[in-house]
Structure formats: C-alpha cells, structure tokens
Amino acid sequence: MASFILLFLLAVTGGAASQSNDSTEPTCDDWGESSAGKVSVLDGEAGSIHCALFSHPSVYNYTSAQSAGQNLFWYRLLDGHSLEQPIPNSSRFSKDRERLWLQPAVANDTGQYICMLSNKSSCSKIAMRLKVLRWDEAVRSAPCEPAVAVPPTQALIAMQMGQVLDCPDLQDAARMSESEPTVSWSFVSAENSKCYRYPFWDTDREQRGTRLRFYNMLIPYQGQYFCTVRYQRRGRLLNFTRSINVSAIYPTTVSKLPTILHPTPHKVFSVRTNSDVHLVCRGLLPLVLRNSSREIWWTVDGKRVDQLNNPRFSQKNSNMKYNFGDVTEDSVLMIEDFQSEDLKREFNCSVRNAEGFLTRRAQLKEEVSLPSLELGCGLGVTLVLMLLLFVVYHVFWLELLLLYRSWFGTDERHTDDKEFDVYISYARNSEEEQFVLSTLRSVLENVLGYSVCIFDRDSLPGGNLSESVLHLMKRSRRLLFVLSPDFLAEKSFSLLECRLGLHLQHGLQATIVAVVRRSVSKLPCVEVTQLRQASVCTVTWRGSRSEPRRSRFWLRLRLALPVRPLALGRRLIDSTSSHSDLAALALQRAQRIRNQNRRDGLEQNRTGRRASATQAHRARKTPPRGRGHVRREEGLQHSRRCSGCAGFACQVEDRRVELGVQTEMQQVFCERTEAVSDRASTVIPDPAHKAQSPTPSLNSAHNHLNPAASSDHALFSSHQELQGRNSIHQQEELNSRTSEEKREGLKLKMELTPPPAENPV
C-alpha cells in the first residue's frame with residue numbers, strides 16, 4: 001500500500017514537472033493565409049515564393065530576425081494531403097533568404113506553402129498559395145508575347161530622358177547560377193500591340209549586357225517589355241520570364257506643383273435647404289518620382305471629414321484622368337439635409353504632393369426654390385396644347401387656311417375690273433366635257449359661288465378666234481387647265497388655249513391653276529412641263545375620292561381660286577352665275593311679270609263691265625273706230641311695257657319666292673342682265689341678212705393675208721358653225737315670243753272692247 005502511494009506521488013510530480021516544461025515552449029502566432037493572392041509559376045520554369053511575413057519591413061525584417069536568432073522554416077501542404085511536410089534543401093528546392101525557389105516547378109507542386117519564423121521565445125507563421133500553370137493557361141495581351149505567370153512590375157521614365165531597365169529576380173538567379181546568366185529582351189507596343197525582339201528599330205534603346213538602356217524616352221516606346229533569364233545550376237539549364245510595364249511621364253523640368261481646377265476662385269455653389277448637397281473639388285496632382293504620395297481632401301471648419309464624427313458629412317474620391325503620370329482626381333463632399341446653419345460653415349478643398357500644398361474655400365449661396373409643381377403642370381399643359389394644335393393643323397391645315405382667307409383675305413372683285421373668276425380650258429371630247437360641265441362648273445358656280453367662263457358657252461360668235469380666247473382670258477382672274485392626254489393634242493383648241501395662257505403668264509403674270517384629270521407625266525410635249533412650272537397649284541382628280549365637297553381636291557382648288565366669304569346665301573350664288581344663265585333667269589322673271597299683269601288687266605275689265613250706266617253710255621257715244629284706236633294704243637303700250645320688263649326685272653318683287661338678296665347685289669344682277677340683253681340684241685344676226693353678208697369674202701381675204709388666222713379658221717370651223725346654230729335658235733325664240741305677245745295684245749283688246757248697243761225698237 002505504501003509503495004502504491006509512492007508511485008502515485010511520483011507520477012503526479014512527474015506530470016506537473018512535464019507540464020511546467022511544456023508551458024515554457026513559445027506559442028506560435030498563426031497569421032493564416034496571405035491576402036496578397038496566389039503565387040503563380042509556369043510549369044518547367046524556375047519560380048520563387050516570397051515569405052509574406054517580410055512584406056512589412058517595419059514588423060518583420062530578415063536581417064533583424066537573423067540577428068535575434070530566429071530561423072526561417074518552410075512547410076508545404078499539397079493538394080489532396082492533410083499533413084504538413086517540411087521542405088528540405090534539394091536539387092529542386094533552395095532557400096535564398098526570405099525566398100523559396102523551385103528550380104524548376106512541376107505541376108505536382110501546386111498547394112499551400114507555409115513559412116515559419118521561430119526561436120526559443122517567439123514563433124510566427126503564415127501560409128501562401130502556389131499554383132503551377134500550364135503554358136496555355138498563361139494570360140497574354142497579344143498572341144506574339146511570351147507567357148508570363150508573375151504580375152508585371154511598373155517602370156516610369158521621364159520623356160526625353162534616359163533610364164536603365166533591369167530584369168526582375170536577375171540578381172537572385174545570378175547568385176544561384178554556376179555561370180553568368182543571359183537575358184533576351186522583347187517589346188510589345190502600347191500603340192499597335194505589335195511585338196518586337198531586340199535589336200529594335202531605333203537607336204534610343206540599347207541592350208548593354210543584361211540591361212536595357214533608354215537614352216531618350218519617347219511616347220512610342222511605351223509598352224510592355226519582357227526579359228527571359230537563362231542560367232545553369234547543378235548541370236541543368238533553367239529559365240524564367242518577367243515583364244515590365246514602361247510608361248512615359250512628364251519630364252522633371254515641368255512644374256510639379258498641385259493645382260485646383262474646380263472650383264475656380266469666383267465659383268459660387270447654389271445650394272437648397274432641406275436637400276442633399278454635393279460639392280465637387282477637382283485637382284491636378286503631378287507625379288514626383290522621389291515621393292509618389294499625393295492627396296486631395298475636404299475640410300469643414302478646419303477639420304477633415306473623418307474627424308467630424310458627423311454622419312451628415314461624407315467624402316468620395318475618384319480618379320478622372322491619368323496623363324503621363326499626372327492624375328486628375330475628384331473629391332466630392334456630400335452633405336445630407338443641408339440646413340441654413342451650414343451656410344455659416346467654412347468648406348475648403350485642399351490638394352498636396354511632394355512639391356507643394358494648395359487650398360481653396362467654396363462659396364455657397366442659397367437657391368430660391370421655384371414652384372416646381374405649378375411650373376411643371378403649366379409646362380405640361382402648354383406642351384399638350386402645342387401638340388394638339390400641331391395635330392389639328394396637320395390634319396385640317398387646308399380648312400384653317402380657307403377660314404383665315406375668308407376672314408382676312410381681300411376680295412379681288414373690289415380691286416380689279418375683271419368679269420370672271422376662272423376661265424376653264426379642257427380637251428373637247430365627251431369625257432372631259434362631261435367632267436367640266438356637270439362636275440367642275442356645277443360645283444364652282446352653284447356651290448362655291450364663282451363666275452366661270454367657258455369659251456364654248458360664253459364667247460361671241462364671229463371674229464378672230466385667238467383674239468376672242470385671249471380677250472376672255474384677260475377678263476378672268478384665274479386660268480384653270482384640265483390636263484389629260486388629249487389636252488395637248490396636235491391642232492386642238494385646248495393647245496391654243498394652253499399657249500395663250502402661258503403667254504399671259506409670262507407677259508401679264510396671270511395666275512394658272514392645273515387640274516390633272518388623267519396622268520400626263522408620259523406626254524412628250526414641252527407645254528406640259530411649262531404649264532406645271534407656271535401653275536401656282538396642281539390638283540389631281542382621284543375619281544370617287546374627290547367627289548365629296550369636303551375632299552382635299554375641292555379644298556385645294558378653293559385655296560388656289562379667288563377669295564370668297566363663307567356665308568353668301570343662295571341669291572348671291574345665283575347672281576354669280578354666267579351670262580347665259582343670267583339671261584335665262586331674266587326672261588323667266590319677265591314672263592312671270594307679264595302673266596301677273598295680264599291677270600290684273602282681266603280683273604280690271606270685269607270691274608269695268610259692272611260700272612254705272614252713265615259710264616257705259618258715254619263709252620257707247622264714242623265712235624267705234626276711235627274707241628278701238630284708243631284701246632289699240634293702250635294695248636300696244638301695255639305690250640311695250642311687258643316687252644320691256646326684262647330691263648327692270650331686278651326691281652320687281654316676286655310674291656311667290658322670297659328674295660334674300662341685298663339692294664347692292666340686286667343692282668349688280670340688274671346691270672349684268674341688261675348687259676346680256678344688249679349683247680344678245682346686238683350680236684345675234686338675222687339669218688336672211690347673214691346669207692347676204694359679205695363676211696365670208698372678208699374672212700377669206702383676211703385668211704389669205706394672215707396664215708395664222710387661216711389655220712385657226714380651218715381648225716375651228718366646226719366651233720363657229722355651232723355658235724351660228726345657237727344664234728339662229730335664239731333669234732327664232734325671240735320671234736316666237738314677239739308673235740306670242742302680239743296675240744296676247746289682240747286678245748286683251750277684244751276683251752276690253754264692249755259689245756255694240758242694240759237699237760231700240
């Protein structure tokens with residue numbers, strides 16, 4: 001029992017002693033895996049792993065660690081393994097200060113590598129990730145450049161100055177090499193991405209030994225330079241490739257002082273209260289080689305933003321431009337919920353580099369708030385109205401122009417002495433005549449109220465045909481030509497009208513309007529082109545689409561014709577018809593007046609028969625021949641009054657028809673009716689006298705002297721014959737009316753004559 005207790009005490013004391021010995025061993029600080037990223041090495045090339053503990057020399061320094069008795073140990077944890085293995089020196093692995101070299105690296109070397117720095121009192125370790133790349137996995141900016149696994153280094157060379165480039169890791173390879181290493185240089189241009197191998201095309205760059213020397217740096221020399229190092233170690237030929245990114249910077253002779261580009265000294269920032277405000281400061285920071293530190297920042301009341309401890313203020317910096325080493329950088333001061341008290345604060349923008357320091361104060365001004373809602377609504381309504389007006393004008397522009405002309409246009413009837421509004425010229429065939437007489441003339445005269453002149457209807461018979469056409473055209477305000485393939489046929493009447501119209505347009509600036517009845521674009525006549533060029537408006541008839549009175553055809557035609565008011569009334573439209581229609585209207589009214597007078601006379605006769613006996617006796621004492629003579633004179637006077645009714649028919653009011661025309665328009669109608677009556681009584685010849693008239697001989701003589709008139713007479717003889725027939729028909733109608741009036745006078749005389757008195761028994 002005593003021996004058991006003794007053994008137990010020895011075990012306990014031994015365990016305590018061993019625990020105290022273990023507690024004296026140093027604990028190891030594990031920094032985990034380095035955040036610098038993966039280390040890449042090409043398969044078959046020499047590569048190295050740098051211990052990340054010495055990335056910060058102020059914390060760990062290899063020389064200081066060696067002096068303190070600390071040793072550097074390397075371990076690795078390969079992919080697919082769970083235990084760390086120490087890395088001894090071998091033909092492939094060699095330790096060079098804080099580096100571990102793989103000469104060469106193989107694909108199986110991929111994994112995690114751990115460097116541990118320890119002594120009896122301290123221990124620190126950190127892990128790095130190594131990845132061995134195949135040649136096709138290397139990233140290349142150009143197909144011609146060599147494969148590189150290590151990130152490129154940066155080299156800045158001042159323009160028009162010299163500098164020497166050394167290949168990275170060359171000194172380490174020289175220490176491990178058994179002979180002098182060799183270096184070959186190549187270059188990929190930044191301008192055109194072309195690859196060049198040394199020797200280059202210029203003399204400003206030269207390889208001296210293993211170095212590449214720049215005698216004069218120029219902009220085309222910017223790009224990526226590659227150096228391939230070859231050396232021999234332990235009987236093996238090893239190589240690795242490194243890259244250097246060379247950039248040109250401004251020479252040292254240029255000023256390196258920082259500059260504030262924005263805000264300018266007189267810049268004023270407009271701010272609005274109760275809203276977020278952003279103040280932008282832009283500075284130019286030149287690069288200084290000896291000290292590349294440069295900075296731009298904001299201060300509020302003399303304190304940096306990070307020193308304010310106010311969440312309302314924040315700052316954001318961003319690089320805007322990099323130009324040969326000089327950086328243009330923006331710093332934005334963001335103020336949330338800007339208040340009126342912030343206007344009293346002092347906001348300064350500052351820039352600094354190794355050469356100098358500059359600061360500038362930002363001037364603030366409160367912005368007057370505008371009624372944005374009311375302004376936006378007003379602007380929106382205005383835009384909608386403008387859009388609506390644009391659509392209305394685009395759709396109804398013809399109606400609007402006609403409405404404007406009817407209100408503000410000038411009636412040409414008050415400014416000239418012309419008789420007709422429009423002269424219509426067309427091809428003399430059944431189809432064109434049907435269109436002109438039944439459609440075009442009917443609408444223009446009866447609907448639109450224009451006075452239309454048609455030569456076949458309104459011309460006087462006899463005389464020179466060309467002079468008659470020219471005279472009627474001069475008396476018309478517009479010349480309307482109905483174009484069709486038959487319009488300009490050879491030796492046609494419409495061809496003569498076309499040439500006379502062009503003559504008037506060139507000489508007297510006559511207004512020509514063209515109506516395309518059928519397409520004339522393929523006609524070879526030069527008059528078609530001249531007519532279209534001379535016309536102020538060309539309207540195309542599109543069949544049934546143009547028949548409605550509100551179609552674009554009639555609207556455009558009204559726009560080309562003289563101005564007419566909108567509301568004229570039916571009487572004014574009737575009063576603007578042609579002369580032949582006016583004459584017919586006057587004769588109808590005269591006939592109605594004669595019938596009314598005859599009825600009044602019959603009523604008076606009946607009243608006379610029922611007169612007193614004294615009046616009857618006095619009437620019987622009058623000799624029969626005398627009474628018949630007096631009654632005959634009264635009948636003749638009454639007949640003369642009836643025959644002269646056409647002269648003043650405009651002054652008699654029709655009891656059965658309500659006249660809605662004013663006195664002025666009635667006078668115009670009267671004057672036109674009298675002119676038509678005079679012309680009809682003067683122009684219409686007597687058929688018997690016409691047979692004995694020397695006109696044919698005179699015309700033949702005139703045609704003999706004037707060939708043009710002879711050709712006109714030969715072309716249009718049928719037209720004159722038609723006019724002669726019309727005049728004969730009118731003469732016969734007048735003779736029949738005169739005989740009818742005589743018969744009515746005799747009948748009235750017989751009714752007024754009393755029966756003879758019976759002899760007393």
Side-chain angles (χ1 to χ4, degrees), residues 28 30-55 60 62 65 71-118 123-140 145-153 167-179 181-183 226-244:
C28 196
D30 190 358
W31 296 96
E33 188 172 341
S34 173
S35 60
K38 297 180 180 179
V39 179
S40 300
V41 181
L42 283 177
D43 187 11
E45 279 194 355
S48 62
I49 305 174
H50 184 271
C51 182
L53 291 175
F54 303 101
S55 299
Y60 294 100
Y62 185 79
N71 296 321
L72 183 62
F73 301 96
W74 287 91
Y75 300 89
R76 68 174 180 176
L77 180 62
L78 300 178
D79 291 345
H81 296 74
S82 59
L83 296 178
E84 298 177 358
Q85 300 176 2
I87 302 176
N89 288 331
S90 62
S91 59
R92 282 199 321 114
F93 294 95
S94 60
K95 301 175 183 178
D96 183 21
R97 294 175 60 86
E98 67 272 13
R99 289 176 177 271
L100 176 64
W101 280 88
L102 290 79
Q103 304 180 70
V106 295
N108 295 333
D109 294 335
T110 301
Q112 192 178 53
Y113 287 75
I114 304 167
C115 63
M116 184 175 63
L117 185 64
S118 65
C123 177
S124 299
K125 66 178 181 178
I126 191 171
M128 288 77 62
R129 173 70 58 176
L130 174 68
K131 183 175 183 180
V132 181
L133 301 177
R134 298 191 306 269
W135 287 81
D136 56 349
E137 294 178 349
V139 179
R140 303 180 184 183
E145 69 180 32
V148 179
V150 180
T153 58
C167 187
D169 300 333
L170 177 61
Q171 299 299 327
D172 297 335
R175 288 194 302 266
M176 295 181 297
S177 177
E178 298 174 352
S179 60
T182 61
V183 180
F226 298 89
C227 58
T228 301
V229 180
R230 294 179 177 86
Y231 65 96
Q232 190 172 6
R233 182 176 182 271
R234 296 184 181 182
R236 300 182 65 178
L237 183 62
L238 302 174
N239 69 287
F240 61 86
T241 303
R242 299 290 183 263
S243 61
I244 305 173

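Remember, predicted model here, so these are calculated numbers, not experimental data. For this chain, numbers begin at 1 and follow the sequence in order.
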Next item on the list: Only counting residues at least two apart or in another chain, list the ones meeting ring-ring contact (aromatic ring centres under 6.0 Å, His included) with Y60.
Entry: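 Checked Y60 against ring-ring contact (aromatic ring centres under 6.0 Å, His included); zero matches.
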Backbone of [Y] reached by a side-chain donor or acceptor of [X] within 3.5 Å:
| X | Y | result |
| --- | --- | --- |
| R233 | Q103 | no |
| T241 | T228 | no |
| W101 | D96 | no |

Next item on the list: State which residues pass side chain to side chain contact (heavy atoms under 4.5 Å, CB included) with A52; sequence neighbours excluded, sorted by chain then number.
Entry: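 A52 satisfies side chain to side chain contact (heavy atoms under 4.5 Å, CB included) with S34, S55, I126, M128 once adjacent residues are dropped.
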Margin query: What I want to check is whether the side chains of R234 and S91 have a donor and an acceptor closer together than 3.5 Å.
Written below: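 Looking only at side-chain atoms, S91 and R234 do not form any donor-acceptor pair under 3.5 Å.
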Next item on the list: Would you please say whether a donor-acceptor pair under 3.5 Å links the side chains of Q232 and S177?
Entry: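 Their side chains do not contain a donor-acceptor pair, so the 3.5 Å distance test is not met.
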Note to self: Does K131 have more than 12 heavy atoms from other residues, nucleotides or ligands lying within 6.0 Å of its NZ?
What the structure shows: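 Not more than 12 within 6.0 Å, no.
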Check: Got a second to check how far L102's CG is from S48's OG, nearest 0.5 Å?
Finding: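 Rounded to the nearest 0.5 Å, the CG-OG separation comes out at 8.5 Å.
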Checklist line | Gap separating the CG atom of N239 from the CG atom of L42, nearest 0.5 angstrom | finding: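 The distance works out to 9.5 Å.
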Item checked: F240 versus D169, closest heavy-atom pair with distance ->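 Looking at all heavy atoms of both residues, the shortest contact is CZ-O, 3.5 Å.
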Check: If you take all heavy atoms of A105 and D43, which pair is closest and at what distance?
Finding: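 Shortest heavy-atom separation between A105 and D43 comes out as O-OD1, 3.2 Å.
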Notebook entry, point to check: Picking from E84, R129, R76, what satisfies side chain to side chain contact (heavy atoms under 4.5 Å, CB included) with Y113?
Noted result: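 So, applying the side chain to side chain contact (heavy atoms under 4.5 Å, CB included) to Y113 and each of E84, R129, R76, only R76 qualifies.
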